[in-house]
Amino acid sequence: MTQDTDTAARVAHAGHMTTIVAIPGSLRDQSYNRLLIHAAEELAPPDVRIVTYNIDDLPHYNEDIDTHQPPESVAAFRKAVEDADAVLIATPEYNSSIPGVLKDAIDWASRPYGTASLMGKPVAYITASQAPSGGTSAQADLKKILERARAHVVEGPQVAIGLSPSAFDAEGRLIHPQARESLRQLLQNLADVARQRARERETVRSEA
C-alpha cells in the first residue's frame, strides 16, 4: 500500500473522531510549518484526529491529465480531502505568497467543478515564518484562493508565527504561549464547524 493510499484509508476509518487532514505547504522535512502541524497534533481536542498528508508526489496541475482517470496520486489526494471532516493547511511564505506546490494541490482539490472534494469543506490555515510578519501575506493569498475554490474558510483566531526559530525549542516543540493558545482555539473552531456541517448534512439526508 502506498503512503498516499494508506493516508486515505486512515482518514476513511477514523470512526466517530473528527478527522482533520493537515497539509504541509513546505516540502522540507524539518520546516517550521511541519513543526507547526506537530504542535496541532499535540493541541487538538481529544476527539479530533490530525492526519498529515504530504503533497510531494502531486504533479503540476494540467487539465490534459485531469480526466475521469487522473494520476493515482491525485485520486488519492482528492479522496483524502473528501473523506476528511476538515482541512488544516500549514504554509510557509515564499516571495510574499504561498509555494507553487501548495497552489497545485489546491487546484487539484478544487476540481471537478461542482463535485470537488474541497468545495464546502471547512479549511483553516496557519503559518510560521522567520520574518516578523509571520507569513500574513501568504495567508491573505491563501484565503483568496480557498474562497475561489468554494471552501468554507475558518479564519480565527489567526496563527501567524513570526521570528519562528524563537517560537520552537531545540526538539521542535512549539513553546510560544500565545501561539499555542491561538492554535488550540483555531483547531476547536475548525472542529466545531466540521461537526455543525455534518449535522446539517445528516438532517438533509433524514428529511429526504
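Computed from a predicted structure; not experimentally measured.
- The nearest pair of heavy atoms linking A116 to A109 is CB-O, 3.4 Å.
- Side-chain atoms of W108 do not come within 3.5 Å of backbone N or O of S73 as any donor-acceptor pair.
- With sequence neighbours excluded, the residues forming a side-chain contact (heavy atoms from CB on, under 4.5 Å) with P165 are Y32, Q130, listed by chain and number.
- In the hydrophobic cluster analysis, where Ile, Leu, Val, Met, Phe, Trp and Tyr join through side-chain heavy atoms closer than 4.5 angstrom, Y94 is grouped apart from L163.
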task: With side-chain contact (heavy atoms from CB on, under 4.5 Å) as the test, would you mind laying out the steps for L174 and I161 before giving the verdict?
output: CA-CA 10 Å; L174 180 64; I161 300 174; 3.8 Å; yes
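- Shown here are the salt bridge (charged side-chain N to carboxylate O under 4.0 Å, His left out) partners of K143, two or more places apart in sequence or in another chain: E155.
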query: Stepwise, does the salt bridge (charged side-chain N to carboxylate O under 4.0 Å, His left out) test hold for E42 with R180?
result: CA-CA 10 Å; E42 174 194 352; R180 287 177 63 86; 2.8 Å; yes
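- Checked against side-chain hydrogen bond (donor to acceptor under 3.5 Å, both in side chains), E200 has the following partners two or more places apart in sequence or in another chain: Q196.
- Of all the heavy atoms in S96 and D141, the pair that sits closest is O-OD2, 3.7 Å.
- Between K121 and E82 no salt bridge is recorded (no basic side-chain N to carboxylate O distance below 4.0 Å).
- Although no hydrogens or angles enter the test, the distance criterion places a donor-acceptor pair under 3.5 Å between the side chain of R197 and the main chain of G120.
- In this structure, OG in S26 is found 9.0 Å from CG in D56, a value given to the nearest 0.5 Å.
- The CD1 atom of I175 lies 5.5 Å from the CG atom of D169; values are rounded to the nearest 0.5 Å.
- Minimum heavy-atom separation, I37 to A22: CG2-CB, 3.8 Å.
- Atom CG of L58 and atom CD1 of I106 lie 11.5 Å apart (nearest 0.5 Å).
- With contacts defined as side-chain heavy-atom distances shorter than 4.5 Å, the pair V87/P122 does not qualify.
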Verdict with supporting geometry, L35 and Q30, side-chain contact (heavy atoms from CB on, under 4.5 Å): CA-CA 7 Å; L35 296 180; Q30 296 299 317; 4.1 Å; yes
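- For the atom pair CD of Q139 and OG of S97, the computed distance is 12.0 Å after rounding to the nearest 0.5 Å.
- Smallest separation of non-hydrogen atoms from G25 and V101: O-CG1, 3.6 Å.
- Scanning for salt bridge (charged side-chain N to carboxylate O under 4.0 Å, His left out) contacts around D47 gives R195, with sequence neighbours left out.
- S133 is linked by a side-chain contact (heavy atoms from CB on, under 4.5 Å) to E93, A131, T136, counting only residues two or more places apart in sequence or in another chain.
- Counting heavy atoms from C-beta on, the side chains of I20 and V51 never come closer than 4.5 Å.
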query: Checking side-chain contact (heavy atoms from CB on, under 4.5 Å) for the pair V153/Y125: CA distance, chi angles, key distance, verdict?
result: CA-CA 9 Å; V153 179; Y125 44 76; 3.7 Å; yes
Would you list the atom pairs, donor with acceptor, under 3.5 Å between side chains in residues 181-188 and any protein atom, with sequence neighbours excluded?
| residue | atom | partner | partner atom | Å |
| --- | --- | --- | --- | --- |
| S182 | OG | Q178 | O | 3.1 |
| Q185 | NE2 | N189 | OD1 | 2.8 |
| Q188 | NE2 | D192 | OD1 | 3.0 |

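- At least one side-chain heavy atom of I89 sits less than 4.5 Å from a side-chain heavy atom of V123.
- A distance-only check finds no donor-acceptor pair linking the side chain of R173 to the backbone of A39 [under 3.5 Å].
- Considering all non-hydrogen atoms of both residues, V74 and P59 come closest at CG2-CD, 3.8 Å.
- Separating the OG1 atom in T127 from the CG atom in L142 is a distance of 9.0 Å, to the nearest 0.5 Å.
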- request: Just do the salt bridge (charged side-chain N to carboxylate O under 4.0 Å, His left out) check on D66 and R78 with the steps written out, would you?
  value: CA-CA 12 Å; D66 191 6; R78 284 173 169 171; 3.0 Å; yes
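- The two residues P92 and A138 make their nearest non-hydrogen contact at O-CB, 3.8 Å.
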message: Working note: F168 + L36, criterion side-chain contact (heavy atoms from CB on, under 4.5 Å); need CA distance, chi angles, decisive distance, verdict.
response: CA-CA 9 Å; F168 297 85; L36 202 47; 4.3 Å; yes
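- T52 is not listed as a side-chain neighbour of V21, based on a closest heavy-atom distance of 4.5 Å or more.
- Using a 4.5 Å heavy-atom threshold, the side chains of V193 and H152 count as touching.
- Counting heavy-atom neighbours within 6.0 Å of R148 CZ, excluding the residue itself, gives a total of 12 or less.
- By the criterion of side-chain heavy atoms lying less than 4.5 angstrom apart, applied directly or through intervening Ile, Leu, Val, Met, Phe, Trp or Tyr residues, I145 is grouped together with F77 in one hydrophobic cluster.
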- prompt: How far apart are the C-alpha atoms of T18 and D85, what are their side-chain angles, what is the distance that settles it, and do they pass the side chain to side chain donor-acceptor pair (under 3.5 Å) test?
  reply: CA-CA 6 Å; T18 296; D85 298 298; 4.8 Å; no
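- Interatomic distance, N33 CG to L27 CG, rounded to the nearest 0.5 Å: 11.5 Å.
- Proximity of a side-chain donor or acceptor of S110 to a complementary backbone N or O of A149 within less than 3.5 Å is not detected.
- Taking a cutoff of 4.0 Å between a charged side-chain nitrogen and a carboxylate oxygen, D83 and K79 qualify as a salt bridge.
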